Amino acid sequence: SHSVWMPKIKKIRIEYERAVVFRLGRILSKKARGPGLILVLPCTDMFVKVDLRTVTCNIPPQEILTKDAVTTQVDGVVYYRIHSAVSAIANITDVHSATFLLAQTTLRNVLGTQSLAQLLAGREEIAHSIQAILDSATEQWGIKVARVEIKDVRIPVAMQRAMAAKAEAAREAKAKVVAADGEMNASKALKQASMVLAESPAGLQLRYLQTLTTLAAENNSTIVFPLPINILESLGQKNKGG
């Protein structure tokens with residue numbers, strides 16, 4: 001008997017590449033071959049090269065109507081890689097195009113369920129939600145979604161002005177409340193001080209002198225000396241009697 005010798009073609013795959021080998025139209029192994037040297041029969045075998053490096057998928061600005069009927073434009077980026085080369089080749093025609101389109105659709109669907117305030121305040125939580133949905137949907141394609149980021153949220157200029165006016169009004173209202181609280185606390189302190197001074201007329205005079213000392217130290221040309229109201233009333237009564 002004579003053995004039949006069939007020439008083999010040697011192919012070298014680098015570290016981040018794998019080769020899915022087909023023999024007579026069937027996948028030769030459930031696991032892709034490589035890296036390193038692989039052998040391919042020239043007449044019966046064919047192979048498809050698969051890159052396992054992380055792919056950056058930029059999602060262009062998507063026009064989205066939020067839950068509270070605000071039109072926004074949102075763009076993002078998805079980082080994914082192929083973890084099963086056989087699934088990426090055998091289960092779908094173009095894995096990268098499919099992942100890109102699915103990322104766009106998922107972004108619009110998820111953001112459409114959020115209000116504008118939730119979208120602006122909860123980007124990280126929304127990105128994690130989109131990542132989980134994409135990772136689950138692309139598992140059968142051999143894709144592992146590593147990260148999703150929402151890059152920018154654009155809102156109409158009129159809405160920006162309205163939000164700025166609302167924030168300014170809220171700050172002014174808060175400032176007025178703080179000022180009112182300060183006035184109330186000051187009035188309580190003045191009331192307590194007046195009660196203490198009323199019990200000691202000498203203390204009131206000392207307070208006058210202390211005030212004059214403070215005013216004189218500031219190099220003022222005019223000094224206003226306060227007089228008790230009861231003195232003015234007594235003078236008025238004397239004038240009427242005279």
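Remember, it's a predicted structure, so these values are computed and weren't measured experimentally.
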Taking side-chain contact (heavy atoms from CB on, under 4.5 Å) as the definition, give me every residue that meets it alongside [X], ordered by chain and number, with sequence neighbours left out.
X: Asn109; result: Thr105
X: Ile27; result: Val20, Phe22, Val86, Ala90
X: Thr106; result: Leu102, Val110, Ile130, Ile133, Leu134

Linking I/L/V/M/F/W/Y whenever any side-chain heavy atoms sit under 4.5 Å apart, do [X] and [Y] land together?
X: Ile150; Y: Ile155; result: yes
X: Val40; Y: Leu28; result: yes
X: Tyr79; Y: Ile59; result: no
X: Val74; Y: Leu120; result: yes
X: Val77; Y: Leu107; result: no

Of all the heavy-atom pairs spanning [X] and [Y], show the shortest one and how long it is.
X: Ala88; Y: Val95; value: O-CB, 4.1 Å
X: Val78; Y: Ala103; value: CG2-CB, 4.0 Å
X: Asp75; Y: Pro60; value: CB-C, 3.9 Å
X: Arg33; Y: Ile38; value: CB-CG2, 3.8 Å

Taking distance alone, no hydrogens or angles, what donor-acceptor pairs closer than 3.5 Å link side-chain atoms of residues 172-189 to residues at least two apart or in another chain?
{"from": "Asn185", "atom 1": "ND2", "to": "Asp181", "atom 2": "O", "distance (Å)": "3.2"}
{"from": "Ser187", "atom 1": "OG", "to": "Glu183", "atom 2": "O", "distance (Å)": "3.3"}
{"from": "Ser187", "atom 1": "OG", "to": "Met184", "atom 2": "O", "distance (Å)": "2.6"}

How many angstroms lie between [atom1] in [X] and [atom2] in [Y], if you round to the nearest 0.5 Å?
X: Thr99; Y: Ile82; atom1: OG1; atom2: CD1; answer: 8.0 Å
X: Leu111; Y: Arg123; atom1: CG; atom2: CZ; answer: 10.5 Å
X: Ile126; Y: Glu124; atom1: CD1; atom2: CD; answer: 11.0 Å

### Task
Kindly state each residue pair satisfying salt bridge (Lys or Arg N to Asp or Glu O under 4.0 Å) with at least one member in residues 34-47, sequence neighbours excluded.
Arg23-Asp45

### Query
Any salt bridge (Lys or Arg N to Asp or Glu O under 4.0 Å) pairs touching residues 94-104, not counting sequence neighbours?
none

### Message
Taking ring-ring contact (aromatic ring centres under 6.0 Å, His included) as the definition, give me every residue that meets it alongside His96, ordered by chain and number, with sequence neighbours left out.
### Response
Tyr80

### Query
By the rule that ILVMFWY residues connect when side-chain heavy atoms come within less than 4.5 angstrom, directly or transitively, which residues belong alongside Leu65?
none

### Message
For Arg53, give me all partners under salt bridge (charged side-chain N to carboxylate O under 4.0 Å, His left out), at least two apart in sequence or on another chain.
### Response
Asp51

#### Entry: Residues that Arg81 engages under salt bridge (charged side-chain N to carboxylate O under 4.0 Å, His left out), provided they are two or more places apart
none

### Task
Would you list the pairs meeting side-chain hydrogen bond (donor to acceptor under 3.5 Å, both in side chains) in which at least one residue belongs to residues 61-72, sequence neighbours left out?
Gln62-Arg108, Thr66-Asp68

### Task
Keeping to residues at least two apart or across chains, list the side-chain hydrogen bond (donor to acceptor under 3.5 Å, both in side chains) pairs with something in residues 138-148.
Asp135-Lys144, Arg147-Glu149

### Message
Checking the side chain of Glu17 only, and the main-chain atoms of Pro35 only, is there a donor and an acceptor separated by less than 3.5 Å?
### Response
no

